[in-house]
Amino acid sequence: MMEEHYQPQAVEQEAQQSWEKTGVFRAAEDPSRDKFYCLSMFPYPSGRLHMGHVRNYTIGDVISRYQRMRGKNVMQPMGWDAFGLPAENAAMQNNVAPAAWTYANADYMRDQLKSLGLAIDWSRELATCKPEYYRWEQWLFTRLFEKGLIYKKTAPVNWDPVDHTVLANEQVIDGRGWRSGAVVEKRDIPMYFMRITAYAEELLAELDRLPGWPEQVKTMQRNWIGKSYGCEVHFPIAPPLPPGEGWGEGSVLKVYTTRPDTLMGATYVAVAAEHPLALAAAQGNPELTAFIEECKHGGTAEADLATMEKKGMPTGRFVIHPLNGEKLPVWVANYVLWGYGEGAVMAVPAHDERDFEFANTYALPVIQVLYRKTIGLATDASAGFHDGSGYGGGHAGGAGYGDGTGGSALETPFEQKHWQDWYAAKDDLMILVSSGKYSGLTHSQAFDAIAADLQAKNLGRKRTQFRLRDWGISRQRYWGCPIPIIHCPTCGDVPVPEDQLPVVLPEDVKIDVGSPIKKMPSFYQTACPLCGRAAERETDTMDTFVESSWYYARYACPDSGDAMLDERARYWLPVDQYIGGIEHAILHLLYARFFHKLMRDVGLVHCDEPFTNLLTQGMVVAPTFLRESADGKKHYFNPAEVDVKLDERGRPLGATLKADGRPVTIGGTEKMSKSKNNGVDPQSLIDQYGADTARLFTMFASPPDQSLEWSDSGVEGAFRFLKRLWKQVYGHWAEGAAPALDKTTLNDAQKNLRRQAHETLRKVTDDYGRRLTFNTAIAANMELLNALAKFDDTSANGRAVRQEALELTVLMLAPIVPHLCRTLWRELGHAEDVAVAKWPAVDETALVQDTIDLVVQVNGKLRGKIGIAPDAGRESIEAAALADANVQRHLEGQPPKKVIVVPGKLINIVV
RNA sequence: GCGAAUGUGGCGAAAUUGGUAUACGCGCUGGAUUUAGGUUCCAGUGGGGCGACCCGUGAGAGUUCGAGUCUCUCCAUUCGCACCA
């Protein structure tokens, strides 16, 4: 007996209990079937689901359910990205241990996820903070350490001089610590690095073999890896350094540049404040010492460094220009970054905007050496010679980023082709002037000639360079995976042996400032695995990006106790569809690709890339409402606390606070956040309307890769549609079982409805399978339901046609609103759960039309429409178009100059 | 600063390969049903014009028989920038 009215709570509860009981979403390896591994980025257990989660997991669920209906062996897992900074902050605020806080949050959020009706195999659930997970991360670390793919070096961090802690970039606000307010300093500390640069070439090249990734993400990764083609240039130091002042490279200052053709325009050389030459020059120079000290203030974030005012100071030292022998001053400049390569650049103010700005400020000479062929004389650096690649890829950088990024030999044809491409763009534009024997050469000729001369003098060579830097993974925090290293006074850094893994992080701790395990002898006191004498454990933990770089593989065999991955990973990997926020386009996705190659090279996985298809979802945004107090402080109100008044055409007039009826300012539409108080709790939405309405609204409001704007009335619209669908099926059900369809005796209205139903199916299949645009799939079904509502034919064939159309609608919407469709599918007379129903096939015979509409244009403007047989020839189309009265009027008796016929679409008559 | 994207009615959006701009939904207006509110249903809804028609996809130029879509310049907004996840 079907209920007359749609009651989401009852429908959803029954469906979720049934799915749990039958275990229909449990995934088992089955080599006889095509697998489909669908993965959404796992959540950080922050406390409650937010709308971004709902959106992410609904997208993944729709794809999973669709692929299951297509007959694929689908696996959709879920887990917890459980280590991280917020747990430590919450621990300090609420006096609870990070572990307890994290597990409680995961428990709550798991229930929330289940109430969304996701087709997840919960038996594969994992949490990265569990020793049975992170022990394998520690195991891989020790393997990589032994292979030399992990090494130790010092690197700068943000140091809070008041709290005596290392700060994340996020915790540095305007150059000050977020809690102490103290001016942050850069401080060098020893850290472990993963040699991602050893894989730079492969990470770059394989982007070309990822057709299932968005072009924009591949472009961002290419630019991030940043391969450039340039030259290493050596400037001899003059006068030669006194004994003991060198730094291992002899008496030359090395720089890397992508523009050796402009070398004759170099007027000074600039080094970073941390450069040994700067430090040596500062000895006995209080002014320079003070300047170098000043450069240490502020955080390490690149965006801050790149936007700060350019400052510098002469070192009093000079170098010799390698080609013309001129003496050039060496400056210390805050815009030269020590973390990058040699930390020294050659400055060509005439042809680089930053050098130009710096030279202007400090009255340094500017020598123009390029002539713009097509336009004429360039007057300053901003005239467009700049190659746009910035200091990272421009002429900063140096002889390898620390370790592992030496230049390549430039011998293969593949390499030669890339060098040619690098030259080509600039050759049409410029020619050298005022450059001695190089004057008159093009960019590429000068590049080669200067490189050859430098090589002959042994003062430089052609070289490629990556912008990508090695990945520093040490964190001075507690709530993370312990780095499995033992520091022995005699044996040095010793990896923890396999039989002593995991190094378990103590969970029962009290948190104040700093990591508790650094003050816990029971944790760090140990014996050296090699010599047995007293030694100390490393107390740093790993970057949480390490855990999230391989979890996708562990889902294949989450219970494997003998190995990081077992043979089940071979069946499930790679991930067929990965879904997550666009904010992860570079870091997470690059690290995961890197880790996949690391695991491949130790024989754990057998493919080259982890994610075959990638969908990057947009943000969830909502309007903001605020009042500004007299002192300029902004107080934000939640959209739920506010009434918005509209005029008679629906334009917003203003908004008032419900509590006091007084006006509030309508701010911009921004990403849902705590600070703007514009978040909408998905739980209240699920409680009020049910999960299906929440799912339908988030899928309908915009395509998945664009931002999604929250709208209360949009949610009501979604709910309304589900009620109408229920009502249609109920009305049909109440008439009793429909007779079988007789395709041979259909009237026009019946044929039209069938055609629309099958055209919708064709479109929706494409939307789900290829385009991943669920909003248009829903819109097409709304149109079909509108047509069904107008179709009031109660004849036998009419009811048969309606039965077919309703069945198709229910099947097409099942991936998006699975609970509702499960009930409707049963009421339409099917015993199986719609979750395992077969995706329907388009009936091509239903699509055949006797006549089609053709648009007639005169001079590109719409002037009429003609109905014509779909197989009509060009001449009969032309004749029919010219016969149209309105077309005749616009031709005004003139003969057509040209007639363009686009078959099946339009005809354009040009006069 | 550098890299990537986005910009279409009052609003969210559609137009998939250069071919009818605004599908679908929201909102709004009018009407029906209802004791009232809500619900539900029907009709209308880019701007201008009595009309034939004209204008219209952030701004400006270009290519084309034809441009929301392609090219160039500019503006605005958003995301990322290596220790937030």
Side-chain angles (χ1 to χ4, degrees), chain A residues 41 43-44 46 81 84-86 157-158 166-172 216-217 219-220 222-224 226 299-308 335 339 353-354 388-394 468-469 471-477 543-545 548 581-588 590-591 618-619 621 646-652 668-671 700-703 705-714 716-718 720-721 723-724 727 763 766-767 770-771 773 775-776 778-783 786 853 855-857 859-862 865 889 897-900 902 905-906 908-910:
Chain A
M41 290 182 186
Y44 178 78
S46 54
D81 186 14
L85 203 48
V157 293
N158 303 307
V166 176
L167 299 178
N169 283 339
E170 189 194 46
Q171 299 171 314
V172 179
Q216 94 190 75
V217 174
T219 304
M220 281 193 268
R222 278 187 199 104
N223 292 336
W224 185 261
T300 57
E302 188 178 316
D304 296 335
L305 297 171
T307 49
M308 72 190 171
Y335 70 100
E353 278 182 62
R354 280 145 309 189
S389 54
Y391 253 59
L468 183 70
R469 312 194 307 252
W471 176 15
I473 56 163
S474 293
R475 297 292 180 270
Q476 299 68 45
R477 291 185 227 296
D543 181 359
T544 56
F545 269 127
S548 57
I582 182 67
E583 65 273 18
H584 295 293
I586 295 174
L587 289 180
H588 162 62
L590 191 64
Y591 291 148
M619 306 171 301
V621 299
L646 302 175
D647 70 6
E648 76 283 353
R649 308 206 32 195
R651 282 181 281 239
T669 299
E670 301 189 45
K671 180 177 179 171
F700 181 57
S702 58
D705 56 353
Q706 284 178 32
S707 67
L708 181 150
E709 186 169 333
W710 180 259
S711 151
D712 282 325
S713 46
E716 276 174 40
R720 209 147 40 219
F721 171 72
K723 284 192 287 189
R724 290 179 62 217
K727 203 172 131 187
K763 179 193 168 37
D766 189 42
D767 284 349
R770 180 182 63 89
R771 297 213 303 154
T773 52
N775 56 329
T776 53
I778 294 165
N781 272 289
M782 286 175 166
E783 287 184 74
N786 288 343
D853 275 349
V855 166
V856 186
Q857 293 180 336
N859 289 334
K861 293 207 160 119
L862 176 64
K865 282 179 190 178
R889 206 160 51 76
K897 233 190 259 172
K898 196 172 170 187
V899 178
I900 291 140
V902 183
K905 284 219 166 129
L906 61 65
N908 187 15
I909 301 162
V910 186

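Letters A, B, ... are given to chains in the order of the sequence lines, protein chains preceding strands, and every chain is numbered from 1. Since we're looking at a predicted model, the values are computed, not measured. Side-chain atoms are counted along with the backbone in the values below, which use heavy atoms only and exclude waters and symmetry mates.
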Would you mind classifying the nucleic acid contact of A/K897 as base, sugar-phosphate or nothing, using non-hydrogen atoms under 4.0 angstrom?
nothing
By the 4.0 Å heavy-atom rule, please label A/P703 as base, sugar-phosphate, or nothing.
sugar-phosphate
Confirm from the modelled atom types if A/R770 and B/U16 form a donor-acceptor pair under 3.5 Å, side chain to base only.
yes
When you check the phosphate oxygens OP1 and OP2 of B/C53, does a side-chain N or O of A/R889 lie under 4.0 Å from one of them?
yes
Within the 3.5 Å criterion, strictly below it, is a donor on A/S548 or A/D81 matched to an acceptor on the partner's side chain?
no
Beyond-backbone contact of A/N859 with A/V910, side-chain heavy atoms, under 4.5 angstrom:
yes
Mapping A/Y591 and A/F545 to their closest nucleotides on RNA chain B, which lands nearer the 5' end?
A/Y591
What contact category does A/H588 fall into here, base, sugar-phosphate, or nothing, at under 4.0 angstrom with non-hydrogen atoms?
nothing
Check this one for me: any side-chain N or O of A/N775 less than 4.0 Å away from OP1 or OP2 of B/G25?
no
With heavy atoms under 4.0 Å as the rule, sort A/D853 into base, sugar-phosphate or nothing.
nothing
When all nucleic acid strands are considered with a 4.0 Å heavy-atom cut-off, which category describes A/S548: base, sugar-phosphate, or nothing?
nothing
Give me the distance, rounded to whole Å, that separates B/C2 from B/G68 when you measure between the C1' atoms they each carry.
30 Å
base_contact_polar (B/U20 base, A/K865 side chain, donor-acceptor, <3.5 Å):
yes
At 4.0 Å (heavy atoms only), tell me whether A/M41 reaches a base, stays on the sugar-phosphate, or touches nothing.
nothing
Tell me what A/A718 touches on the nucleic acid: a base, only sugar-phosphate, or nothing, going by heavy atoms under 4.0 Å.
nothing
Indicate, yes or no, whether a donor-acceptor pair under 3.5 Å links the base of B/C65 to the side chain of A/N908.
yes
Structure string for RNA chain B in dot-bracket form, Watson-Crick and G-U at under 3.5 Å, | interchain
(((((((..(((......[....)))((((((.......))))))(((....)))..(((((..]....))))))))))))....
Establish, with yes or no, whether the OP1 or OP2 oxygen of B/U40 is under 4.0 angstrom from a side-chain nitrogen or oxygen of A/K723.
yes
OP1, OP2 of B/G25 versus side-chain N and O of A/N786: anything below 4.0 Å?
yes
By the 4.0 Å heavy-atom rule, please label A/G472 as base, sugar-phosphate, or nothing.
sugar-phosphate
Syn-anti status, with the boundary at 90° from 0, for the nucleotide B/G37:
anti
Give one of base, sugar-phosphate or nothing for A/Y44, where a contact means two heavy atoms less than 4.0 Å apart.
sugar-phosphate
Round to a whole Å and report the spacing from CE of A/M619 to C1' of B/U78.
5 Å
What is the nucleic acid contact for A/A585, judged by heavy atoms within less than 4.0 Å: base, sugar-phosphate only, or nothing?
nothing
Between B/A15 (C1') and A/E783 (CD): distance, integer Å
12 Å
Taking 4.0 Å as the cut-off, does a side-chain nitrogen or oxygen of A/R771 come that near to OP1 or OP2 on B/A15?
yes
Check the distance between B/G66's P and A/N859's CG and give it to me in whole angstrom.
8 Å
Atom CD of A/E302 to atom C1' of B/C2: distance rounded to whole Å?
7 Å
With heavy atoms under 4.0 Å as the rule, sort A/I900 into base, sugar-phosphate or nothing.
base
Does B/A85 have OP1 or OP2 sitting under 4.0 Å from an N or O in the side chain of A/T544?
yes
Sugar-phosphate, base or nothing in reach of A/Q476, heavy atoms under 4.0 Å
base
A/R724 side-chain N/O to B/C41 phosphate OP1/OP2 under 4.0 Å:
yes
Looking at every strand, decide which applies to A/V217 at a 4.0 Å heavy-atom threshold: base, sugar-phosphate, or nothing.
nothing
Would you indicate what A/T219 reaches in the nucleic acid, counting non-hydrogen atoms under 4.0 angstrom: base, sugar-phosphate, or nothing?
sugar-phosphate
